[in-house]
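Contents: one structure, followed by commentary.
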Amino acid sequence: MSDSNLNNRRVVDSGLLLLRLALGTTMFLHGAQKLFGWFGGGGIEGTGQFFAMSGYPAGTAMAVVAGLAETLGGLGLVLGLLTPLAAAAVVGTMINAAAVKWSGGFFAPAGVEYELLLAAAAAALALTGPGGFAADRAVPRLRGAAPAFAVGSLALGVLSAVAVLLVRG
């Protein structure tokens, strides 16, 4: 590989690392709000009440699912570990978050722009891969994960989100 190509690869890897760190940290902290009540979050109980008021059955169980998806998905993105699956977890939770806020229009604070941006960034990471500065690079089977794995992971995230939304009614 030429010096120019190597430098270009490092720049791309650095950009993907920055995106993973920003998105992963954001999602990890959102999950920590739900699971532990950190950073002004409602914890399981408060988040469960919110889910119940939003039409989800078993609000507490849904709070645990959303909190784990965000926390573990965010951690996976930060580390670049199982990146397509971590990204799919984020996409799924953001689809549900957008559905809850859908009547608020597009723009914040009541709209869905933030949730759609997070979902799009996660989907982009699933499709592009985590870059060279990622734990996935140390796992031979994940190093050059096939595009089918990325697309399949995203499909799993979307289908899971749709299933949860159908339960919500």
Side-chain angles (χ1 to χ4, degrees), residues 8-35 41 47 51 54 56 62-168:
N8 288 342
R9 185 70 241 168
R10 287 183 181 149
V11 169
V12 170
D13 288 343
S14 297
L16 290 169
L17 175 63
L18 178 61
L19 179 59
R20 283 192 359 256
L21 291 174
L23 177 61
T25 301
T26 298
M27 295 311 304
F28 177 85
L29 295 175
H30 274 277
Q33 287 181 303
K34 289 174 179 63
L35 292 177
T47 304
F51 273 87
S54 297
Y56 291 92
M62 297 307 287
V64 171
V65 169
L68 286 173
E70 291 178 0
T71 302
L72 296 177
L75 184 60
L77 290 175
V78 165
L79 297 174
L81 181 63
L82 301 173
T83 303
L85 291 174
V90 171
V91 168
T93 58
M94 290 301 100
I95 288 172
N96 271 270
V100 168
K101 293 179 67 178
W102 194 256
S103 64
F106 180 75
F107 295 103
V112 296
E113 65 181 323
Y114 178 66
E115 291 78 7
L116 294 179
L117 178 62
L118 294 175
L125 281 170
L127 294 171
T128 62
F133 307 125
D136 283 349
R137 300 284 298 160
V139 181
R141 296 197 70 146
L142 296 176
R143 189 174 304 136
F149 180 56
V151 172
S153 295
L154 287 175
L156 177 64
V158 170
L159 290 174
S160 297
V162 169
V164 170
L165 288 172
L166 289 174
V167 169
R168 179 177 174 236

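Hydrogens, waters and symmetry mates are skipped; everything else that's a heavy atom, side chains included, is used.
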Spell out, as yes or no, whether a donor-acceptor pair under 3.5 Å connects the side chain of Arg168 to the backbone of Ser54.
yes

Nearest heavy-atom pair of Gly129 and Leu16: which atoms, and what distance?
O-CD1, 3.8 Å

Verdict with reasoning, Thr128 to Val12, per side-chain contact (heavy atoms from CB on, under 4.5 Å):
CA-CA 10 Å; Thr128 62; Val12 170; over 6 Å; no

Rounded at 0.5 Å granularity, tell me how far OG1 in Thr25 sits from CG in Leu77.
9.5 Å

CG of Asp13 to CG of Leu18, rounded to nearest 0.5 Å, is 12.5 Å

Side-chain contact test, heavy atoms from C-beta onward, threshold under 4.5 Å: evaluate it for Leu75 versus Leu81 and give yes or no.
no

Look at the side chain of Glu113 and the backbone N and O of Ala108, then say whether any donor-acceptor pair between them is shorter than 3.5 Å.
yes

Report yes or no: does Lys101 contribute a side-chain atom to a donor-acceptor pair with the main-chain N or O of Val112 at less than 3.5 Å?
no

Heavy-atom closest pair, residues Ala88 and Ser153:
CB-O, 3.0 Å

Can Leu72 and Phe28 be said to form a side-chain contact (heavy atoms from CB on, under 4.5 Å), step by step?
CA-CA 7 Å; Leu72 296 177; Phe28 177 85; over 6 Å; no

Using the rule given for side-chain contact (heavy atoms from CB on, under 4.5 Å), can you reason through Met62 versus Val164, listing the C-alpha separation, both sets of side-chain angles and the distance that settles it, and then say yes or no?
CA-CA 9 Å; Met62 297 307 287; Val164 170; 3.1 Å; yes

Could you give all pairs that pass the side-chain hydrogen bond (donor to acceptor under 3.5 Å, both in side chains) test and reach residues 66-80, with sequence neighbours left out?
Lys34-Glu70

Is the backbone of Pro130 close enough, under 3.5 Å, to the side chain of Asp136 for a donor and an acceptor to pair up by distance?
no

Can you tell me how far CE of Met94 sits from CG of Leu116, rounded to the nearest 0.5 angstrom?
10.0 Å

At what distance, to the nearest 0.5 angstrom, does CD1 of Ile95 lie from CH2 of Trp102?
11.0 Å

As an exercise, state the distance from CG of Asn96 to CZ of Phe51, rounded to the nearest 0.5 Å.
7.5 Å

Holding to side-chain hydrogen bond (donor to acceptor under 3.5 Å, both in side chains), I want the full list of residues that pass it with Gln33, two or more places apart in sequence or in another chain.
none

Quick check: closest heavy atoms across Pro84 and Ala150, and the distance to 0.1 Å?
CB-CA, 4.0 Å

Exercise: identify the closest heavy-atom pair between Ala63 and Leu35
O-CD2, 4.5 Å

What closest approach, in Å, do Val91 and Ala119 show between heavy atoms, and which atom pair accounts for it?
CG2-O, 3.5 Å

Might you point out which heavy atoms bring Leu118 and Leu23 nearest each other, and give the distance in Å?
CD2-CD1, 3.5 Å

Would you please test Val78 and Arg20 for side-chain contact (heavy atoms from CB on, under 4.5 Å) and show each step?
CA-CA 5 Å; Val78 165; Arg20 283 192 359 256; over 6 Å; no

So, taking the atom named OH in Tyr56 and the one named CG in Leu165, what distance separates them when rounded to the nearest 0.5 Å?
5.0 Å

